[in-house]
Amino acid sequence: MISQRELLKRAIEARKKAYCPYSGFAVGAALLCNDGSVYTGCNIENASYSPTNCAERTAFFKAVSEGKREFLAIAIAGGRKEAKELEACYPCGVCRQVMSEFCDAEQFEVICGVSEDTLEVFKLKELLPKNFIL
Ligand code: THU
């Protein structure tokens with residue numbers, strides 16, 4: 001299985017595709033499925049702002065739309081578009097809720113890249129102790 005560091009590298013690579021002309025903040029994500037496959041995503045902004053999709057949700061929606069339903073971890077890399085250096089980028093509340101729909105919150109790992117070689121790892125449960133359920 002791919003390491004946390006390798007997964008972050010995939011997120012850093014995906015960040016290069018970010019479409020973020022309005023915020024100038026580029027984010028990449030790499031989502032690891034339980035079968036070992038990896039789906040990447042970037043943020044995709046819109047002139048009307050609210051249709052913007054975060055990198056994490058892009059990765060989830062790509063994977064789910066390809067039939068994947070079980071996930072182990074997601075790595076996230078964010079920072080100013082022009083800067084090579086990353087900034088700490090924790091997932092927004094909407095993305096945490098999307099993660100909670102498909103993941104075991106006590107197992108699923110959220111790997112945040114603070115820099116290319118500094119990771120902060122959380123369990124989803126820590127980031128979203130109480131998700132919305134129907
Ligand atoms: N963004 C993400 O893609 N993921 C996050 O976890 C936080 C924010 C994006 C949305 C928007 O395009 C830009 O970063 C600034 O908010």
Side-chain angles (χ1 to χ4, degrees):
M1 199 64 75
I2 189 171
S3 68
Q4 293 180 340
R5 214 160 278 280
E6 273 303 315
L7 200 61
L8 180 62
K9 278 197 186 145
R10 298 286 302 268
I12 290 169
E13 203 51 37
R15 178 173 170 260
K16 294 180 183 160
K17 304 259 174 33
Y19 177 73
C20 54
Y22 305 104
S23 74
F25 196 82
V27 186
L31 176 62
L32 176 62
C33 306
N34 72 334
D35 63 2
S37 58
V38 174
Y39 286 77
T40 59
C42 63
N43 54 331
I44 305 169
E45 298 187 346
N46 188 276
S48 179
Y49 289 16
S50 65
T52 292
N53 209 54
C54 289
E56 298 90 321
R57 273 177 290 142
T58 303
F60 263 91
F61 296 156
K62 281 171 67 179
V64 173
S65 66
E66 296 291 330
K68 302 301 160 101
R69 290 289 188 278
E70 291 183 51
F71 306 102
L72 300 176
I74 191 167
I76 306 163
R80 310 282 136 198
K81 185 166 53 176
E82 310 307 343
K84 200 179 173 294
E85 297 75 35
L86 302 181
E87 290 173 42
C89 179
Y90 308 110
C92 79
V94 172
C95 289
R96 294 177 196 199
Q97 177 68 27
V98 167
M99 292 173 196
S100 77
E101 183 73 28
F102 297 103
C103 304
D104 176 345
E106 284 175 12
Q107 298 298 324
F108 186 72
E109 288 182 329
V110 180
I111 301 157
C112 303
V114 180
S115 71
E116 283 199 28
D117 34 39
T118 315
L119 322 176
E120 275 187 64
V121 185
F122 305 94
K123 288 280 162 49
L124 179 58
K125 189 86 185 168
E126 296 175 69
L127 299 182
L128 188 68
K130 298 218 179 285
N131 59 330
F132 178 74
I133 38 179
L134 263 185

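Every number for a ligand or one of its atoms is a count from 1 in the order of the listing.
Inter-residue side-chain proximity for Asn46 and Ile44 is flagged as unmet; no heavy-atom pair is nearer than 4.5 Å. Looking at Tyr22 and Thr52, their side chains never come closer than 4.5 Å, going by heavy atoms from C-beta outward.
Considering backbone and side-chain atoms together, Val27 places no N or O closer than 3.5 Å to any N or O of ligand 1. For Asn43, a nitrogen or oxygen atom sits less than 3.5 Å from a nitrogen or oxygen atom of ligand 1, counting backbone and side chain alike. Considering backbone and side-chain atoms together, Glu45 places an N or O closer than 3.5 Å to an N or O of ligand 1.
By the 4.0 Å heavy-atom criterion, Pro91 is counted among the residues contacting ligand 1. Between Cys92 and ligand 1 there is a heavy-atom distance shorter than 4.0 Å. Heavy atoms of Tyr22 stay at 4.0 angstrom or farther from ligand 1.
Of the protein's non-hydrogen atoms, the one nearest atom 3 (O) of ligand 1 is Ala55 N, 2.9 Å. Counting only heavy atoms of the protein, atom 15 (C) of ligand 1 lies nearest to Ser23 OG, 3.6 Å. Among protein heavy atoms, atom 4 (N) of ligand 1 sits closest to Glu56 OE1, 2.8 Å.
Within a 4.0 Å radius of atom 12 (O) of ligand 1, the protein contributes one or more non-hydrogen atoms.
For Phe102 and Phe108, the ring centers sit 6.0 Å or farther from each other.
Between Glu13 and Arg10, no side-chain nitrogen of the basic residue sits less than 4.0 Å from a carboxylate oxygen of the acidic one, so the salt-bridge criterion is not met. Lys123 has no carboxylate O lying under 4.0 Å from a charged side-chain N of Glu106, or vice versa, which leaves the two without a salt bridge.
When atom types are taken as modelled, the side chain of Arg15 and the backbone of Cys42 share no donor-acceptor pair closer than 3.5 angstrom.
Here the rule is side-chain contact (heavy atoms from CB on, under 4.5 Å) with Val27, and of Cys89, Cys92, Cys20 only Cys89 fits it.
Here Leu8 contributes atom CG and Ile111 contributes atom CD1; the two are 8.0 Å apart, rounded to the nearest 0.5 Å.
With a 4.0 Å cut-off on non-hydrogen atoms, Cys54 touches ligand 1 through its backbone as well as its side chain.
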